[in-house]
Amino acid sequence: MHVLVLGGTAEARSLAESLTARPHTRVTTSLAGRVAAPRTPPGELRVGGFGGAEGLAGWLRAHAVDAVVDATHPFADTISRNAEQAAAATGVPLLVLRRPGWQPVAGDDWHEAGSLPEAAALLPSLGRRVFLTTGRMGLAAFAGGPDDLWFLVRSVEPPEPPYPPRMDVLLDRGPFTLDGERHILARHRIDVLVTKDSGGAATAPKLTAAREAGVPVVVVRRPPVAQGVPVVADPEAALRWVTG
């Protein structure tokens, strides 16, 4: 059996580890290649795009793939759409592995946005010193805002323009600690946080720190999964789907 795991998340690595431990199972993990030193999973590895949905469909046929698990980041909507189309074209079963999204609790001051431009439009009414934790992709959405907005941008890799004119960059990779997030908010006098609804525990402490400090949070909603595509919340469920 040959399983293609569209990866880049901790859940993808965990699934690859479980699958490679099974006899007669070939596992290929595909990474986008946007991070210079990714945490590589066991099994076979490919890096880079497929050439759209048609290219992915051709790859599935050429490599006799029996199942595809889309375990990419919840906001990697381009590869997810390509996987949906390629699976439909080839008849290869597709599963989406997505960690559950975050839910607000008492004391949170959340403001939902459907996109990064929507998030940028909310900022002038919420604060002036922005902790932007949406990664280095998509910073152009914040490049044309009011001149009095200042951004602390956290990302794994250095961002490339266009990006906000008043900006400091914090290069770091999760998981993050609650004490560390408290320190960042206090040291940089952050008065608004922007995040994507990535879910999971690795980057959730910033939400707790914001709640404690009374800092409003702009939460960008996830793109929806295509209707009819099965979705599971953890690698164990994905393993049962693949092997069951």
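In this chain, residues are counted from 1 in sequence order.
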Discussion item. Around atom CG of D147, are there more than 12 heavy atoms from other residues, nucleotides or ligands closer than 6.0 Å?
Written reply: no
Worksheet item: What are the two closest heavy atoms between P42 and R13, and how far apart are they?
Response: CD-O, 4.4 Å
Item to complete: Please report the shortest heavy-atom distance between L56 and A83, naming the atom on each side.
Response: CD2-CA, 3.6 Å
Practice prompt. Would you indicate whether the side-chain heavy atoms of W241 and L97 approach each other to under 4.5 Å?
Written response: no
Practice prompt. Hey, could you give me the CG/CG distance between L6 and L94, rounded to the nearest 0.5 Å?
Written response: 8.0 Å
Worksheet item: Between D66 and V3, is there a donor-acceptor pair closer than 3.5 Å when you use the side chain of the first and the backbone of the second?
Response: no
Worksheet item: Below 4.5 Å, heavy atoms only, C-beta onward: do R99 and S198 meet side chain to side chain?
Response: yes
Worksheet item: Are L170 and L207 grouped together when hydrophobic residues (ILVMFWY) are joined by side-chain heavy atoms under 4.5 angstrom apart?
Response: yes
Worksheet item: Backbone N or O of G43 within a donor-acceptor pair of the T20 side chain at under 3.5 Å?
Response: no
Worksheet item: Is R154 reaching over with its side chain to a backbone N or O of F131, donor-acceptor style, under 3.5 angstrom?
Response: no
Worksheet entry | Charged N-O contact under 4.0 Å between R221 and E112 | yes
Item to complete: Could you tell me whether a side-chain N or O of T25 sits under 3.5 Å from a main-chain N or O of P23, the two making a donor and an acceptor?
Response: yes
Worksheet item: For the atom pair CD1 (I190) and NZ (K206), what is the distance rounded to the nearest 0.5 Å?
Response: 12.5 Å
Practice prompt. Examine distances only and state if a side-chain atom of D197 and a backbone atom of R222 form a donor-acceptor pair shorter than 3.5 Å.
Written response: no
Discussion item. Taking L185's backbone N and O only, do any of them form a donor-acceptor pair with R189's side chain (distance below 3.5 Å, no angle check)?
Written reply: no
Worksheet item: Under 30°, 30 to 60°, or over 60°: which ring-plane class applies to H188 and W150, parallel, tilted or perpendicular?
Response: parallel
Discussion item. Please determine whether residues I79 and L95 belong to a single hydrophobic cluster, defined as Ile, Leu, Val, Met, Phe, Trp and Tyr linked transitively by side-chain heavy-atom distances below 4.5 Å.
Written reply: no
Worksheet item: Roughly how far, to the nearest 0.5 Å, is the CE atom of M1 from the CZ atom of R22?
Response: 9.0 Å
Worksheet item: Are any non-hydrogen side-chain atoms of H111 and P216 less than 4.5 angstrom apart?
Response: yes
Worksheet item: If you look at every heavy atom in P74 and P223, which pair is closest and at what distance?
Response: O-CD, 3.4 Å
Worksheet entry | Donor-acceptor pair, side chain of R46 and main chain of G48, under 3.5 angstrom | yes
Practice prompt. State, yes or no, whether a side-chain contact exists between V217 and D108 at a heavy-atom distance under 4.5 Å.
Written response: no
Response to the item:
Minimal heavy-atom distance between A120 and P124, with the atoms involved, is O-CD, 3.5 Å
Worksheet item: So does R98 pair up with D70, basic N to acidic O under 4.0 Å?
Response: yes
Item to complete: Would you check if R240 and V232 make a side-chain contact, meaning some heavy-atom pair closer than 4.5 Å?
Response: no
Side chains of residues 84-91: which donor-acceptor partners sit under 3.5 Å, not counting sequence neighbours?
from	atom 1	to	atom 2	distance (Å)
T90	OG1	A86	O	2.8
T90	OG1	V92	N	3.3

Fill in: Test item: F50 and S30 side chains (from C-beta on) under 4.5 Å apart, heavy atoms
yes
Worksheet, complete the sentence: On a heavy-atom basis, the closest approach of G7 and L31 is C-CD2, 3.8 Å
Worksheet entry | S80 side chain to A76 backbone, donor-acceptor under 3.5 Å | yes
Worksheet item: Are L4 and V225 connected in a single hydrophobic cluster, I mean Ile/Leu/Val/Met/Phe/Trp/Tyr linked by side-chain heavy atoms less than 4.5 Å apart?
Response: yes
Worksheet item: Is there side-chain contact between L239 and L15, with heavy atoms separated by less than 4.5 Å?
Response: yes
Worksheet item: Would you call T28 and W59 a side-chain contact if the rule is heavy atoms closer than 4.5 Å?
Response: yes
Worksheet entry | Shortest non-hydrogen contact from H63 toward H2 | O-ND1, 2.8 Å
Worksheet item: Given a cutoff of under 4.5 Å between side-chain heavy atoms of I, L, V, M, F, W and Y, with clusters grown through shared members, what are the other residues clustered with L171?
Response: F75, L116, L122, L123, L126, V130, L132, L139, F142, L149, F151, V153, Y163, M167, V169, V192, V194, V218, V220
Worksheet item: Once you round to the nearest 0.5 Å, how far does CG of L178 lie from CD of E212?
Response: 5.0 Å
